[in-house]
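Inspection log for the structure reproduced underneath, given as C-alpha cells.
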Amino acid sequence: MNVSFDSDGATLAGNLYLPDGVERAPGVVVAGTWTSVKELMADRYAQRLAERGYAALSFDFAGFGESGGEPRDVENPERKVRDIHHALGFLAAHPAVDGDRLGALGICAAAMYMSGNAARDPRVKSLALVAPWLHDAAICEAAYGGAEAVAEKIKMGREARSRYDETGEVDYVPVVSATDPAAAMPYEIDFYLNPARGGIPAWPNRFAVMAWPDWLTYDSIALAPQITQPTLLVHSEDAAIPDGARRFHAGLAGPKDIFWTQGTQFDFYDQEPHVTLAVDTVAAHFGRTLR
C-alpha cells in the first residue's frame, strides 16, 4: 500500500508491504543504493520480506523520487539517516506492526545509513546489510583514484555548494555514464543503464556535485563499535569493497554474522538466484533476532 510520513518537514512517499494473515507483524525498514528510488531494489526486497512474514517499508528519501524535499537528488548521508529514523517511527506506530520488533535492511550504500541510525536508535532490534558499501577515508581513496582525486572531488563539491547557496541552482552530472568522464560512476553499468533493470523513468540518473564532500567524508567503519544489535552482512568477494565489509564486521560490538556468497554488486539488486538467497538469509536472521 502507498503510505506517506513526515521527515523534518518533508513528506516522504513509501510502499508498505504487509504479510497475509499476520497480526502485528515484525517490521523492517528497507533502503537501497545511493541516488536510488524505492523502485530500483528496495521495493523488491520489501515485497519479498512481506512474503516471509514481515511488514516491510520501502520509501524515497527526502529530495528523491516521489518524496518532497529540496534540493533534489542530493546524496546527504546524515539527512538519509534522519529519514530512516522517521521511517522507523512511522512503522512502529502502524497498527499492523509490532513496534517492539523492528529491523533494518540496507542494500549497498543504505548499509551505511541504516548503520548510522542503528548506532543511535535503540528501536532497531536487528540489522541486516546486503552487498554493503561501507567506506571510510582510506576506502574512498582506494575506490576513487587516490587522495588527490578525492580532494579534487571535495573541492568541486564545495564550489558547487557555494553556487547553490548563492543562486539556488544545483550542478548535476550523471550518476552513471559510459561516455561522460564527469559522471559519479564514469563507466558502463548495465543495471543503471538498462531500462529493463534500473534505468527506469522514476530514476533520473543525476548526481548533485555538491554531495561529494558529505559522501566522501562519511565514516561508516567507525560506526561498527557503536552497534550492539545483532547484525548480519551478506556479501561477495566480487561485489563492492569486500574489505570494507570485513573491517566493519570485525568492529561490531554485538552479535554478528557474515555470509559470503557469489555474485557481482549489481547481481544483488535484481538477479536470481542472488536476490532470493539474500532475502532468505536476511529473513532467517530477522527470524532469530526479532522474537
Side-chain angles (χ1 to χ4, degrees), residues 14-33 36 38-59 84 87-88 91 96-98 100-115 118 124-134 191 197-198 227 229-242 244-246 248-249 252 254-291:
N15 291 321
L16 179 59
Y17 296 87
L18 297 175
D20 293 331
V22 180
E23 292 186 12
R24 301 196 73 239
V28 181
V29 171
V30 184
T33 60
S36 71
K38 58 189 179 300
E39 292 84 1
L40 288 193
M41 69 285 298
D43 277 352
R44 180 175 298 107
Y45 274 80
Q47 183 175 5
R48 298 287 192 91
L49 284 173
E51 293 168 357
R52 290 155 176 78
Y54 299 92
L57 172 66
S58 60
F59 67 97
I84 290 166
L88 278 155
L91 197 57
V97 177
D98 183 347
D100 292 325
R101 293 189 292 162
L102 296 178
L105 168 59
I107 303 141
C108 189
M112 298 204 297
Y113 310 147
M114 290 295 181
S115 298
V124 178
K125 298 299 192 292
S126 183
L127 179 64
L129 312 175
V130 170
W133 178 283
L134 295 157
F191 174 79
R197 299 183 69 190
I227 296 173
Q229 298 95 326
T231 300
L232 166 74
L233 287 75
V234 178
H235 212 29
S236 162
E237 289 291 343
D238 294 322
I241 50 174
R246 277 190 287 270
F248 181 89
H249 177 260
L252 287 165
K256 58 189 177 182
D257 194 11
I258 188 165
F259 177 72
W260 291 99
T261 180
Q262 304 296 315
T264 69
Q265 184 72 11
F266 310 105
D267 288 336
F268 289 99
Y269 299 169
D270 67 340
Q271 297 296 293
E272 293 297 345
H274 310 84
V275 171
T276 294
L277 179 62
V279 172
D280 285 343
T281 306
V282 168
H285 169 72
F286 286 143
R288 293 188 297 269
T289 55
L290 293 178
R291 296 178 178 175

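Because only heavy atoms are used, hydrogens play no part in the values below, and waters and symmetry mates are left out as well, while side chains stay in. Starting from 1, each residue takes its place in the sequence as its number.
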Gap between atom [atom2] of [Y] and atom [atom1] of [X] - 0.5 Å precision:
| X | Y | atom1 | atom2 | answer |
| --- | --- | --- | --- | --- |
| Arg44 | Ser58 | CZ | OG | 11.0 Å |
| Leu91 | Asp98 | CG | CG | 10.5 Å |
| Arg246 | Ile258 | CZ | CD1 | 7.5 Å |
| His285 | Asp257 | NE2 | CG | 8.5 Å |
| Asp270 | Leu40 | CG | CG | 9.5 Å |
| Ile227 | Leu129 | CD1 | CG | 7.5 Å |

*asked:* Does atom CD (Gln262) have a neighbourhood of more than 12 heavy atoms from anything else shown, all under 6.0 Å?
replied: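 Atom CD in Gln262 is not packed in, count stays at 12 or less.
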*What do you reckon, is CD of Glu23 surrounded by more than 12 foreign heavy atoms closer than 6.0 Å?*
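Not buried by this count: 12 neighbours or fewer within 6.0 Å.
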Could you check if a side-chain atom of [X] sits within less than 4.5 angstrom of a side-chain atom of [Y], using non-hydrogen atoms only?
| X | Y | result |
| --- | --- | --- |
| Leu252 | Leu233 | yes |
| Val97 | Arg24 | no |
| Ser36 | Tyr269 | no |

Under 3.5 Å: donor-acceptor pair, side chain of [X], backbone of [Y]:
| X | Y | answer |
| --- | --- | --- |
| His235 | Trp133 | no |
| Gln265 | Ala240 | yes |
| Asp267 | Thr264 | yes |
| Tyr17 | Tyr45 | no |

*Can you spot which of Val29, Val279, Val282, Leu127 makes a side-chain contact (heavy atoms from CB on, under 4.5 Å) with Leu105?*
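It is Val282; the other options fail the test.
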*How would you list, by chain and number, every residue that makes a ring-ring contact (aromatic ring centres under 6.0 Å, His included) with Phe59, sequence neighbours excluded?*
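Phe5, Phe61.
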Heavy-atom closest contact ([X] atom, [Y] atom, distance):
| X | Y | value |
| --- | --- | --- |
| Ala55 | Ala25 | N-CB, 4.0 Å |
| Ser236 | Gly263 | OG-O, 2.8 Å |
| Ala245 | Pro132 | CB-CG, 4.3 Å |
| Pro26 | Leu290 | CB-CD1, 4.3 Å |
| Glu272 | Val275 | OE2-CB, 3.7 Å |
| Leu57 | Ala87 | CD2-O, 3.7 Å |

*Show your working on side-chain contact (heavy atoms from CB on, under 4.5 Å) between Gln271 and Phe266 and close with a plain yes or no.*
CA-CA 8 Å; Gln271 297 296 293; Phe266 310 105; over 6 Å; no
*Show your reasoning for whether side chain to side chain donor-acceptor pair (under 3.5 Å) applies to Thr276 and Arg48.*
CA-CA 8 Å; Thr276 294; Arg48 298 287 192 91; 3.0 Å; yes
*Test item: side-chain donor near acceptor, Arg101 and Ser126, under 3.5 Å*: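 Result is no, nothing qualifies.
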*Determine the interplanar angle of the Phe268 and His274 rings, folded into 0 to 90°, and report it as parallel if under 30°, tilted if 30 to 60°, perpendicular if over 60°.*
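The arrangement is perpendicular - the two ring planes meet at more than 60°.
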*Check the pair Ile84, Met114 against side-chain contact (heavy atoms from CB on, under 4.5 Å), reporting the backbone distance first and the verdict last.*
CA-CA 7 Å; Ile84 290 166; Met114 290 295 181; 3.7 Å; yes
*Please test Asp280 against Arg52 for salt bridge (Lys or Arg N to Asp or Glu O under 4.0 Å), starting from the C-alpha separation and ending with a verdict.*
CA-CA 8 Å; Asp280 285 343; Arg52 290 155 176 78; 2.8 Å; yes
